[in-house]
Amino acid sequence: MTKILKLNNISPLAEKLFSGCEYGDKIENPTGIMVRSAQMADYVPGPELLAVARAGAGTNNIPCAEYAEKGIAVFNTPGANANAVKELVICELFLGGRKIVDAIDWAKSLKGCGDVSKAVEKGKAEFAGREIMGKCLGVIGLGAIGVDVANAAAALGMNVYGADPFLSAERAVRLSSSIKLSTNEEIFKTCDFITVHVPLTPETKAMFNDDTLAKMKSGAVLINNSRGDLVDDAAVIRALESGKLSRYITDFPTDSLIGVKNAVCVPHLGASTPEAEDNCAVMAANELLAYINNGNIINSVNLPNLSAERAGKARLCVIYRATPDMIAKITALVPGNCVNSASSTRGGFGYAVFDTDKKITDEDLKKVASASGVIRARAIN
């Protein structure tokens, strides 16, 4: 029986999809793992582990490169929580323009002062803000969330600039025609509000630093709901103190940011809605089942993606080093007659499936698995 370990609380909708599996938080030697935020750096994968599915977009808590070397696929769920994050960003645009957080905190201090209405009228001028309509918004990163944010902000009357050197055709089609495609540099110079939606990589770490912040319009609002380490906290604090930034709003609080004037720290609520958790859990569960049951890789972050309808009596699934001769080498080892095959490569890794007209024996599998360049082979009979 397929065994699925969950390392965090996962939406009950996943349990329904895993009805034919052994599923829970105390599973030993699992076939697959469902995870949200649990740190997996110290988790020791067993020999049966085929895949890990992250119910969310970011996979920094999973040693993806190490797992690729072991032939373990890692999946994420792009777009499943996009609406939840988009709505939070829209809320934060208003928080950035208006001093709502400060005003609410001040209003709490009026408890017991006597004539609250009079105190409110006297003190409210301190919290006057600005509207977002007609202001310029820069969206850095036009993936599922970035596109949704850009479109929603444009619908609210903002002048929206978007930057993404890796913008896909699918995302480009979904982008409102009113949005101006631009560059980070142009956004820094032009925009009153900037929101970032890029993954954390060695290239993007601390992309908001003293140099880049200096290029921004004075009084700009920076919003970060992607990853805390995209921003150099010390540089942001300096920019807030100098007035270069009027506000920094982040979903990733740190000790150094908490309590800093004009830093609004949201406690990682981007995807914390039941709708987003349901969407992520269902997508992650379906990705695991598609791979375990049929060998199809969908939304992997560390191995090539590949989906092919099954044919024949059995399927041979092979993860290998992507060298020019590997497909021919593996094909020669496929038992029986190959009735269908497909392959894909990515980042030095290859993945191939071969559908054959005979069941694959342990001896057949051993020959393939021991071939030079093969990382992992398995049979689905």
Side-chain angles (χ1 to χ4, degrees), residues 56-58 76-97 130-201 203-209 211-231 236 239 244-252 270-271 276 299:
N76 69 347
T77 56
N81 61 10
N83 187 70
V85 179
K86 175 203 76 177
E87 289 187 1
L88 182 62
V89 175
I90 297 302
C91 171
E92 290 167 346
L93 286 172
F94 293 120
L95 297 182
R130 52 180 171 163
E131 299 177 14
I132 66 171
M133 185 174 181
K135 304 301 188 299
C136 293
L137 169 67
V139 182
I140 297 177
L142 294 170
I145 295 170
V147 167
D148 283 356
V149 167
N151 289 342
L156 289 169
M158 299 192 80
N159 299 313
V160 182
Y161 296 75
D164 192 335
F166 307 106
L167 177 63
S168 69
E170 176 190 359
R171 303 298 182 205
V173 168
R174 288 188 50 226
L175 203 59
S176 167
S177 60
S178 68
I179 294 162
K180 306 169 187 68
L181 291 180
S182 187
T183 64
N184 290 4
E185 296 290 320
E186 186 65 23
I187 283 173
F188 293 152
K189 290 190 296 183
T190 305
C191 292
D192 308 290
F193 296 78
I194 296 173
T195 179
V196 58
H197 301 282
V198 302
L200 178 63
T201 67
E203 291 72 33
T204 61
K205 185 174 182 179
M207 64 182 289
F208 292 93
N209 50 51
D211 290 340
T212 51
L213 292 170
K215 297 175 183 177
M216 293 184 189
K217 289 181 67 174
S218 290
V221 174
L222 176 61
I223 298 173
N224 174 21
N225 285 274
S226 292
R227 283 293 176 265
D229 285 344
L230 295 172
V231 172
V236 159
K244 186 66 177 180
L245 284 181
S246 65
R247 194 150 299 218
Y248 174 54
I249 306 176
T250 180
D251 209 19
F252 301 93
N299 293 325

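Only a predicted model underlies this, so the values are computations on that prediction, with no experimental measurement involved. Below, each value reflects all heavy atoms present in this structure, side chains not excepted, and no hydrogens, waters or symmetry copies.
Atom OG of Ser226 sits about 9.0 Å away from atom CE of Met207, to the nearest 0.5 Å. Atoms CG and CG, from Leu156 and Leu93 in turn, are 8.0 Å apart once rounded to the nearest 0.5 Å. The line from NZ of Lys86 to CG of Asn151 is 9.0 Å long, rounded to the nearest 0.5 Å. Once rounded to the nearest 0.5 Å, the distance linking CD1 of Ile194 with CG of Leu222 reads 6.5 Å. Note that the CG atom of Leu137 and the OG1 atom of Thr190 stand 12.0 Å from one another [nearest 0.5 Å]. Atom CG in Leu245 sits 5.5 Å away from atom CG in Leu213 (nearest 0.5 Å).
Considering Val85, Ile223, Leu88 as possible partners of Asp251, the one that fulfils the side-chain contact (heavy atoms from CB on, under 4.5 Å) test is Leu88.
In this structure, Asn76 contributes its side chain and Ala57 its backbone to a donor-acceptor pair below 3.5 Å. The backbone N or O of Gly56 sits less than 3.5 Å from a side-chain atom of Thr77, completing a donor-acceptor pair. Judged purely by atom type and a 3.5 angstrom limit, Lys205 has no side-chain atom pairing as donor or acceptor with the backbone of Leu200. The backbone N or O of Pro199 lies less than 3.5 Å from a partner atom in the side chain of Thr204, making a donor-acceptor pair. Of the possible donor and acceptor atoms, one in the side chain of Thr183 sits under 3.5 Å from a partner among the backbone N and O of Glu186. At distances below 3.5 Å, at least one donor-acceptor pair connects side-chain atoms of Asp164 with backbone N or O atoms of Leu142. Asn209 places a side-chain N or O within donor-acceptor distance of the main-chain N or O of Thr212, the cut-off being under 3.5 Å. Within the 3.5 Å criterion, the main-chain N or O of Ala271 finds no donor-acceptor partner in the side chain of Asn81.
Taking every heavy atom of both residues into account, Val160 and Ala154 meet most closely at CG2-N, 3.6 Å. When all heavy atoms are compared, the tightest approach of Gly79 to Ala144 is CA-CB, 3.6 Å. In terms of heavy-atom proximity, Ala84 sits nearest to Ala276 at CB-CB, 3.7 Å. Ser246 and Arg130 get closest at one heavy-atom pair: OG-NH2, 3.7 Å.
In this structure, a donor-acceptor pair under 3.5 Å is absent between the side chains of Glu170 and Ser168.
Between Val139 and His197 there is a side-chain heavy-atom pair separated by less than 4.5 Å. With contacts defined as side-chain heavy-atom distances shorter than 4.5 Å, the pair Ser182/Lys189 does not qualify. Contact annotation: the side chain of Glu92 never approaches that of Val221 to less than 4.5 Å [non-hydrogen atoms, C-beta and beyond]. Inter-residue side-chain proximity for Thr195 and Ile249 is flagged as unmet; no heavy-atom pair is nearer than 4.5 Å. Using a 4.5 Å cut-off on side-chain heavy atoms (C-beta onward), Phe208 and Phe188 make contact. Contact check for Ile187 versus Phe193: no side-chain heavy atoms found under the 4.5 Å cut-off. Looking at heavy atoms from C-beta onward, Asn225 lies out of side-chain contact with Thr250 at the 4.5 angstrom threshold.
Within the cation-pi definition used here (under 6.0 Å to the ring centroid, within 45° of the axis), Arg247 does not qualify as a partner of Phe94.
By the neighbour-count criterion of 12 heavy atoms within 6.0 Å, atom CD of Glu131 is sparsely surrounded, having that number or fewer from other residues, nucleotides or ligands.
A salt bridge links Arg174 with Asp148; the closest basic N to acidic carboxylate O contact falls under 4.0 Å.
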task = Assess whether side chain to side chain contact (heavy atoms under 4.5 Å, CB included) is satisfied between Val231 and Tyr248, documenting all intermediate values.
result = CA-CA 10 Å; Val231 172; Tyr248 174 54; 3.5 Å; yes
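Scanning for ring pair (Phe, Tyr, Trp, His ring centres under 6.0 Å) contacts around Tyr161 gives an empty result, with sequence neighbours left out.
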